[in-house]
Amino acid sequence: MNLPAEFITKYQKLLGDEAPAFFAAFDGTVEKGFRVNPMKPITPAMQAKMTAPISYSPIGYYGKVNGNALEHLAGGVYSQEPSAMTVGEVAKPELNERVLDLCAAPGGKTTHLLSYLKQTGLLVTNEINSKRVTALGDNVERYGARNTVITNETPAHLAKALPGFFDRVLVDAPCSGEGMFRKDPAAMQYWTLDYPAECAARQREILTETVKLLRPGAHLIYSTCTFAPEEDEQMIAWLLQTFPEFELEPIGKVAGMVDAKPEWADGNPELAKAARLFPHLMRGEGHFIAKLVYHGTVEPKDPKLVRPELKPEQRRLWESYATQAGLDDLAGLALQVHGDQLYGVPAMMPVTRRLKIFRPGIQLGIFKKNRFEPSYALALASTDLALPKLAIDHEQWERYVHGETFQLAQAGDNGFAVLTCAGLPVGFGKVVGRTVKNFFPKGLRFLATDENTAL
């Protein structure tokens with residue numbers, strides 16, 4: 001790999017005798033990985049792929065998965081670079097916590113956090129870039145989340161709207177991307193010797209606002225995918241000096257992870273509690289991770305939480321559908337209508353009129369003239385819900401994602417049913433006698449074959 005000359009000089013000085021092995025790793029194999037979604041069934045194809053476990057993640061495996069595969073489209077698996085999985089494992093939230101993923105697109109860390117929350121608590125996942133937030137929404141939907149609000153905001157606006165609110169905040173900071181050079185050589189085009197310092201200035205602004213979001217005793221997880229000390233050890237040294245309310249917690253080092261390097265910052269030995277991931281020491285790309293606990297004080301507030309907002313006719317239509325579908329287990333959601341769309345908004349979410357909300361919760365469906373039509377998102381989130389389900393085979397699934405109707409061997413119960421294939425919910429169909437009418441979203445349809453959808 002043709003690394004920038006100034007990059008080579010910089011890390012020759014920093015790494016010394018370790019530098020040759022470090023540089024040689026850039027010509028090595030790019031590792032692929034994936035996580036399984038613990039909230040969804042494991043299909044036979046997934047089981048066959050789960051042959052090389054990643055030691056530091058109980059839901060992670062080495063290997064490549066196909067984005068057009070049933071298991072990916074239905075949210076059973078998520079493709080993620082192996083070293084990136086360490087961030088979610090360090091962040092690992094507890095059940096019922098209020099969690100923020102501040103710089104979230106495209107959603108790898110968010111879906112990892114969802115794996116541990118298991119539909120409890122609240123996850124606010126934010127992306128400032130209005131173009132990238134769409135991909136975040138798609139991945140949250142596929143994963144089947146019912147406890148998630150997606151925002152498209154600046155850290156400053158979030159801090160003003162939700163001060164002292166969160167139990168855990170993950171800042172996977174925008175950075176110079178040095179750790180991704182091997183995976184994405186195009187990232188080198190943006191790199192200059194001054195670029196890490198430019199990124200560090202932005203990271204300090206982000207962290208200054210992040211502090212305002214934390215409740216006393218909350219955890220802050222800071223990560224980057226760069227090797228640059230300016231954005232890693234020096235950033236944490238600055239944070240500890242500027243906000244002495246923080247205390248670093250040690251990260252257990254496994255699978256080639258090593259202590260961060262105090263000598264690359266102010267020499268504070270506490271910095272060694274953070275972790276570095278180098279590609280010549282582990283199977284993966286480059287990362288830095290620090291975990292801190294906040295001991296500051298916050299003025300106590302009792303935020304006004306969201307409440308149901310349905311008109312009488314909307315409530316009648318929803319309750320009629322929910323009764324017919326046996327859907328009485330949407331605990332923890334406040335039903336709200338935005339336009340003609342019905343959403344289940346996590347009841348732990350405060351009222352935030354000033355924020356740009358990309359998606360206020362799970363889309364449950366749409367109100368049409370004198371009827372309610374359930375959504376694709378509800379189907380994908382229905383693994384543990386008592387909705388009517390209809391098992392289809394892989395050939396029928398291929399016809400389904402192409403937008404076709406198909407026939408059943410014998411007539412089923414008329415009405416909407418969640419179609420499942422290999423146990424995974426894949427969307428809604430409407431059964432009329434032996435015919436299954438297609439409700440797979442038009443914008444997602446494609447020509448599927450056994451070859452192009454193999455996991």
- request: Verify salt bridge (charged side-chain N to carboxylate O under 4.0 Å, His left out) between D101 and K109, making sure each step is shown before the conclusion.
  value: CA-CA 8 Å; D101 188 357; K109 312 297 191 303; over 6 Å; no

From CA spacing to verdict: ring-ring contact (aromatic ring centres under 6.0 Å, His included), Y376, F440
CA-CA 7 Å; Y376 179 59; F440 191 68; 5.5 Å; yes

> Given the rule in the salt bridge (charged side-chain N to carboxylate O under 4.0 Å, His left out) test, do K10 and E230 qualify, once you have shown the distances and angles that lead to the verdict?
Replying inline: CA-CA 12 Å; K10 177 178 181 178; E230 301 94 319; 3.1 Å; yes

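Side-chain contact annotation: Q234 with D266, donor-acceptor N/O pair under 3.5 Å absent. Inspection of the H157 and E209 side chains reveals no N or O donor paired with an N or O acceptor under 3.5 Å. Side-chain N/O atoms of Q203 and Y222 include a donor and acceptor closer than 3.5 Å. Side chains of N68 and T453: a donor-acceptor N/O pair is absent below 3.5 angstrom, by distance only. Side-chain atoms of S115 and Y143 form a donor-acceptor pair, as typed in the model, at a separation below 3.5 Å.
In this structure, E285 pairs ionically with R182, as a charged nitrogen and a carboxylate oxygen lie closer than 4.0 Å. Using a 4.0 Å cut-off between charged nitrogen and carboxylate oxygen, E231 and R204 do not count as a salt-bridge pair. Between R283 and E31 there is a salt bridge, since a side-chain N of the basic residue sits under 4.0 Å from a carboxylate O of the acidic one. Look at K356 and E153 and you find no salt bridge, because none of the NZ, NE, NH1 or NH2 atoms lies under 4.0 Å from a carboxylate O. No salt bridge links D393 with R399; every basic N to acidic carboxylate O contact stays at or beyond 4.0 Å. Ionic pairing of E270 and K273 is present here: one or more N-O contacts between side-chain nitrogen and carboxylate oxygen are shorter than 4.0 angstrom.
Every pair passing ring-ring contact (aromatic ring centres under 6.0 Å, His included) that includes a residue from residues 68-112 is listed here, sequence neighbours excluded: H112-Y116. Applying the side chain to side chain donor-acceptor pair (under 3.5 Å) test to pairs two or more places apart or on separate chains, those with a residue in residues 255-264 are K253-D259.
Annotation: the span from K118 atom NZ to D384 atom CG amounts to 11.5 Å, rounded to 0.5 Å.
Formation of a donor-acceptor pair under 3.5 Å by the Q396 side chain with backbone atoms of F406 is not found in this model. Judged by distance alone, the side chain of R146 and the main-chain N or O of L378 form no donor-acceptor pair under 3.5 Å. Put simply, the side chain of N152 gets close to the backbone of I128: a donor and an acceptor are under 3.5 Å apart. Proximity of a side-chain donor or acceptor of S382 to a complementary backbone N or O of L385 within less than 3.5 Å is not detected. Of the possible donor and acceptor atoms, none in the side chain of S83 sits under 3.5 Å from a partner among the backbone N and O of G284. Using a distance-only test at 3.5 Å, with no hydrogens or angles considered, a donor-acceptor pair links the side chain of N139 to the main chain of A135. Side-chain atoms of K40 come within 3.5 Å of backbone N or O of L380 as a donor-acceptor pair. Distance alone, capped at 3.5 Å, places no donor-acceptor pair between the D167 side chain and the A218 backbone. Although no hydrogens or angles enter the test, the distance criterion places a donor-acceptor pair under 3.5 Å between the side chain of Q119 and the main chain of G144.
S57 is linked by a side-chain hydrogen bond (donor to acceptor under 3.5 Å, both in side chains) to E89, counting only residues two or more places apart in sequence or in another chain.
The ring pair (Phe, Tyr, Trp, His ring centres under 6.0 Å) test with F227 is passed by exactly one of F288, F23, F22, W191: F22. With F439 as reference, F416 is the one residue of F428, F416, Y400 to meet the ring pair (Phe, Tyr, Trp, His ring centres under 6.0 Å) rule.
T226 and D232 make their closest contact through O-OD2, 2.8 Å (heavy atoms, listed as atom of the first residue, atom of the second, distance).
Ring pair F246/F243 is perpendicular by interplanar angle, where above 60° counts as perpendicular and below 30° as parallel.
Side-chain contact between V171 and I221 is absent, with no heavy-atom pair separated by less than 4.5 Å.
With a 6.0 Å cutoff to the six-membered ring centre and a 45° limit on the axis angle, R98 counts as a cation-pi contact of F165.
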